[in-house]
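Reading through the structure tokens given below for one structure.
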Amino acid sequence: MRALLIDGYAPVPSAHLGTAADVRPGPGEVRIRVEAAALNPLDAKLAHGDMTGWFPLAFPYVPGTDFAGVVDALGEAVTDLRLGDAVLGRSDPVAGGALAEAIIVPARCVTRRPEGLDASIAACLPTPAGIAYQALFDHLRVPEGAVLLILGAGGAVGRAAIQLAPAGVEVVACAGQPRGTDPASPARWVRPDEPDFLPVAAKADCVLDCAGGEIQHRVIAAVHPGAKLAAIVAPADEAAVVARGIEAAFLVLETRRDTLAAIADAAARGVLHPEAPAVFGFEESAATYRDYVAGRTIGKLVMTTGGGR
Ligand SMILES: NC(=O)c1ccc[n+]([C@@H]2O[C@H](COP(=O)([O-])OP(=O)(O)OC[C@H]3O[C@@H](n4cnc5c(N)ncnc54)[C@H](OP(=O)(O)O)[C@@H]3O)[C@@H](O)[C@H]2O)c1
């Protein structure tokens, strides 16, 4: 099986196309013929060795966690998927494996892909929409009438959170480059350097922080006691959180079928619609991955293998 392989951590990962072992899925696992695989900021962080505390890599490593494809082999005791099912899913970051012709994952890490949901769009969902979903619905549980402030709203996670926010929630989206607002998921866009930003932040009942850094400190100092913050880039300073009387948690995406199914359903209903990705072919994956890891590209990138349903 052909795959993109790296032999060590960046700054210059030796990314090259090569051959990975063509193994059969074990008990509880499925093999997916990959149609599309998306890159996420996590892939760059993993390549730089920034996540070794959480996700230590073993080399050679096949990058990529988010994929869409077709089930082409079933391990023992997998009864809820069939050969030929179109799916989307996410592998454990330590395992990676999506930038390849095929990937083996536990069956709980995939869900069926609704009819009409294109593989290249489906592959954009698992990590960004998955963490947005878990932040909003498992952690923040944003109540009706609340003000939800999203930091780093111009990225894939922020965009998904705006679209998934429940009706009746007032969304304030903070980004360096404010985007146009979508009538189906309205948001008030603010820039972090606007004079209006902190007075607006002060009204937030819930904050989804997809930015970290200095803006996180400024917002913690501005929000009212009792506000809830879900950080996904860096944990909040504990002393500042206690001093302000807010509730804060650092979230790490849990790959679960219930989340995958919920976001696939939201995409099928048109609630979730990721920004159109820039698509590259498998043959271009080494160069594209190197550029992504080096921070030379912006926006969502998706590899397609050309094999349809
Ligand atoms: N804890 C977890 O489990 C978890 C899960 C997923 C992601 N994350 C982290 O969350 C952070 C955000 O992830 P992400 O997937 O949303 O990152 P992303 O899509 O790459 O966006 C990051 C930033 O890049 C800019 N950007 C993105 N698309 C753009 C475009 N088309 N045009 C212009 N600028 C664009 C935006 O900056 P501006 O604000 O300046 O416009 C955006 O805030 C990352 O650090 C990621 O690692 C954590």
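Counting convention: from 1, in listed order, for ligands and their atoms alike. Position 1 is the first residue of the sequence, and the numbers go up from there. Here the structure is a predicted model, which means the values were calculated and not measured.
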Heavy-atom gap N40 to ligand 1 smaller than 4.0 Å: no
Ligand 1 contacted by P128 (non-hydrogen, < 4.0 Å): no
Ring geometry between F59 and Y61 (parallel below 30°, tilted from 30 to 60°, perpendicular above 60°): perpendicular
Residue pair [X] / [Y], side-chain heavy-atom distance below 4.5 Å:
X: L140; Y: L208; value: yes
X: P63; Y: L46; value: no
X: P274; Y: I121; value: yes

Heavy atom under 4.0 Å from ligand 1: found in [X]'s side chain, backbone, both, or neither?
X: I131; value: side chain
X: V157; value: both
X: V233; value: side chain

Looking only at distances, please establish whether an N/O atom of ligand 1 is found under 3.5 Å from an N/O atom of [X].
X: A156; result: yes
X: K300; result: no
X: E275; result: yes

Contact bool for atom 17 (O) of ligand 1 (protein heavy atom, d < 4.0 Å): yes
Protein non-hydrogen atom found under 4.0 Å from atom 47 (O) of ligand 1: yes
Which residue supplies the protein heavy atom nearest to [atom], what is that atom called, and how far is it?
atom: atom 3 (O) of ligand 1; answer: L253 N, 2.8 Å
atom: atom 34 (N) of ligand 1; answer: R179 NH2, 3.1 Å
atom: atom 1 (N) of ligand 1; answer: L251 O, 2.8 Å
atom: atom 24 (O) of ligand 1; answer: I298 CG1, 4.6 Å
atom: atom 45 (O) of ligand 1; answer: K45 NZ, 2.8 Å

Sub-4.0 Å atoms of ligand 1 with respect to non-hydrogen atoms of G155: 16 (O), 18 (P), 19 (O), 21 (O), 27 (C), 42 (C), 43 (O)
Selection residues 212-250 - residue pairs positive for ring pair (Phe, Tyr, Trp, His ring centres under 6.0 Å), sequence neighbours left out: none
Ion pair check, D291 and R296, cut-off under 4.0 Å: yes
Could you name the option among [options] that has the heavy atom nearest to [atom]?
atom: atom 12 (C) of ligand 1; options: G176, C210, A132, G154; answer: C210
atom: atom 9 (C) of ligand 1; options: D50, I232, D209; answer: I232
atom: atom 44 (C) of ligand 1; options: A211, G212, A38, P41; answer: P41

Identified side-chain contact (heavy atoms from CB on, under 4.5 Å) partner of V147 from the options V172, V207, V142: V172
